[in-house]
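So the structure is just underneath, and the comments pick up after that.
Hydrogens, waters and symmetry mates play no part in the numbers below; they use all other heavy atoms, side chains included.
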Amino acid sequence: MVEKERRLLISNKIKQNGYVSVQELIQEMNVSRSSVMRDLIALENEGVLIREHGGAVFPLLKKTLSKKFEKPILKKDIQNTEAKKNICREAAKLLRDGRCVFVDSGTTMAYLLPFLLNYELIIVTPSIFLVRKLPETYKCKIFVIGGQYDTKYDMVLGAYSTQLIQQFNFDITFMSTNGIDLDSGSVTSADYENGALKKVAMERSKMNCLLADSTKLNQTGIHTWAKISDFSRVFVDAGSDKADLPNNFVICDEYLQGDISAEIPLNEKNEFE
C-alpha cells in the first residue's frame, strides 16, 4: 500500500471511529511501525488527527491541555512564526519609554523582543527563553524573576516566583496562553503554577494585554487563570474569524497601519501619562 492510500485509509478510519491504534494500523496495512508513525505525524500536521500514546484521536475528541501533552518550548518556537511577528508588531505600539513592563513566558514573546529594544523600559520576566535571546548590547534594566526552573517551559515559576512578582507595579503586561475558550470566555494554562504566576502579574498591572495566535482559540487548558474580559486588548492573527470575536480583540496582519494606543479608552490611557 502506497503512502497516499495509507493516509486516506487512516483519515477515513479516524473520522468513522474517533480513534485509531498504531498496532491496528500496522496489522491492517502490513507496514512497519515507523511508516505508521510518519503517516500519523503528517496527518497531525494537516489537522486531521491528534496523536496520543499508542495511537491518535479525532480533533474533536482531544484532551484538555495539560503539561504532560504540551510540546517543549524549543519545539514550538518555529511554529506560526509569521502570525507571532504580526501580533507582536501590533502589540508593541503600546510601548513608551519609561514604562515598567511584564513580559510573560512562551515563544510568542521572543518575537516581541526586537520591539522592546527600541524603548527605554524596565522589563520584568520569568522567561529564561527570552533572556537567552537578548543581545549583548541591550542597555535597559531587566529583572529576571527567581524561583524554580522549569526545563520544558524554559522559565521560572512556583510560590517564590509569585512572591517576587508581588513586589512590582507594572504599567502593562504582555501575556501568553495555552488556550482561549470563546464560549466560556476563559483564558487557560496547561500548568497550574504557570497560570497562578500570570494571574498575580495581572493583578499588579494597570493594563493587561494577551498575545495569542489563532491556534489557541477554542483550546482549553486545565487551569483557568483569567477571563477574556480581563484584558484591555487581545491580539490575534489574521487567521481568526473576526465575526466570532469579542470587541477587545485586535486582528493583526502585516498590512495593519496606525497607532493602536489611540483606541485605548481614556481612563486607561491616562494611567500612563
Side-chain angles (χ1 to χ4, degrees), residues 65 70 73 76 80 83-84 86-95 99-113 115-116 121-131 142-145 147 150 153-157 161-162 164-166 168-182 185-217 219-237 240 245-246 248-250 252 260 264 268 271-272:
L65 293 173
E70 191 178 9
I73 192 169
K76 295 192 292 183
N80 308 314
K84 293 172 182 176
N86 292 333
I87 288 167
C88 292
R89 183 184 298 112
E90 193 67 15
K93 294 176 182 179
L94 294 171
L95 292 170
R99 291 183 178 172
C100 183
V101 180
F102 177 85
V103 181
D104 199 6
S105 60
T107 57
T108 299
M109 299 304 156
Y111 296 91
L112 187 63
L113 183 58
F115 303 101
L116 296 174
L121 303 167
I122 299 171
I123 297 173
V124 181
T125 184
S127 176
I128 307 302
F129 180 76
L130 180 73
V131 173
I142 180 163
F143 291 88
V144 183
I145 297 296
D150 189 294
Y153 294 137
D154 201 12
M155 66 174 293
V156 292
L157 41 68
S161 301
T162 302
L164 290 174
I165 286 178
Q166 290 174 336
F168 288 91
N169 297 302
F170 305 114
D171 290 307
I172 186 169
T173 66
F174 292 109
M175 311 300 290
S176 62
T177 188
N178 293 118
I180 302 173
D181 190 325
L182 294 175
S186 298
V187 181
T188 61
S189 171
D191 177 74
Y192 176 81
E193 287 187 316
N194 195 354
L197 187 148
K198 297 172 189 286
K199 185 174 182 178
V200 171
M202 287 181 62
E203 291 171 351
R204 305 296 302 173
S205 183
K206 296 176 183 176
M207 182 181 185
N208 297 295
C209 296
L210 183 63
L211 284 58
D213 65 75
S214 56
T215 63
K216 307 295 176 60
L217 298 181
Q219 298 285 333
T220 304
I222 62 169
H223 176 58
T224 296
W225 57 273
K227 303 292 286 186
I228 291 173
S229 57
D230 294 333
F231 297 94
S232 298
R233 290 290 181 269
V234 179
F235 295 92
V236 295
D237 61 277
S240 311
L245 300 179
N248 60 340
F249 274 59
V250 178
C252 311
I260 195 69
I264 301 173
E268 291 177 4
E271 289 184 314
F272 295 129

Do any N or O atoms from the side chain of [X] and from the backbone of [Y] form a donor-acceptor pair under 3.5 angstrom?
X	Y	answer
Arg89	Phe115	no
Asp213	Asp237	no
Asn86	Cys252	no

Do [X] and [Y] meet the criterion of a side-chain donor-acceptor pair at a distance under 3.5 Å?
X	Y	result
Arg233	Asn248	no
Thr173	Asn208	yes
Ser189	Lys198	no

Nearest-0.5 Å distance, [atom1] of residue [X] to [atom2] of residue [Y]:
X	Y	atom1	atom2	answer
Ser232	Leu210	OG	CG	11.5 Å
Asn178	Lys216	CG	NZ	6.5 Å
Leu116	Met109	CG	CE	9.5 Å
His223	Ser186	NE2	OG	11.0 Å
Asp154	Leu130	CG	CG	10.0 Å

Practice problem: Let me see the working for Tyr111 and Ile87 under side chain to side chain contact (heavy atoms under 4.5 Å, CB included), right down to the final yes or no. | Solution: CA-CA 9 Å; Tyr111 296 91; Ile87 288 167; over 6 Å; no
Heavy-atom pair of closest approach, residues [X] and [Y]:
X	Y	answer
Asp104	Thr125	O-OG1, 4.2 Å
Pro246	Leu182	CD-CD2, 4.2 Å
Leu94	Met207	CD1-CE, 4.0 Å
Met155	Ser127	CB-CA, 4.2 Å
Ile180	Ala212	CD1-CB, 3.9 Å
Ser176	Ser105	OG-O, 2.6 Å

May I ask you to test the [X]-[Y] pair for a side-chain heavy-atom distance under 4.5 Å?
X	Y	value
Leu157	Pro126	no
Phe102	Ser205	no
Phe174	Leu112	yes
Met175	Phe231	yes
Leu121	Cys100	no
Asp181	Thr188	no
Leu197	Ile165	yes
Asp230	Met202	yes

Practice problem: Report yes or no: is the cationic atom of Lys199 (NZ for Lys, CZ for Arg) closer than 6.0 Å to the six-membered ring centre of Trp225, at no more than 45° off its axis? | Solution: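 No, a cation-pi geometry is absent between Lys199 and Trp225.
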Quiz prompt | Intermediate values then yes/no, side chain to side chain contact (heavy atoms under 4.5 Å, CB included), Val103 and Leu113 | solution = CA-CA 9 Å; Val103 181; Leu113 183 58; over 6 Å; no
Practice problem: Go through the steps to decide whether Ile128 and Tyr153 satisfy the test side chain to side chain contact (heavy atoms under 4.5 Å, CB included), and finish with yes or no. | Solution: CA-CA 9 Å; Ile128 307 302; Tyr153 294 137; over 6 Å; no
Quiz item: By side-chain hydrogen bond (donor to acceptor under 3.5 Å, both in side chains), which residues pair with Thr108, not counting sequence neighbours?
Solution: none
Quiz item: Are Phe168 and Phe143 close enough, and set up right, to give a ring pair (Phe, Tyr, Trp, His ring centres under 6.0 Å), and what steps lead you there?
Solution: CA-CA 10 Å; Phe168 288 91; Phe143 291 88; 5.3 Å; yes
Quiz item: Val101 and Ile122: side chain to side chain contact (heavy atoms under 4.5 Å, CB included), yes or no, with the steps?
Solution: CA-CA 6 Å; Val101 180; Ile122 299 171; over 6 Å; no
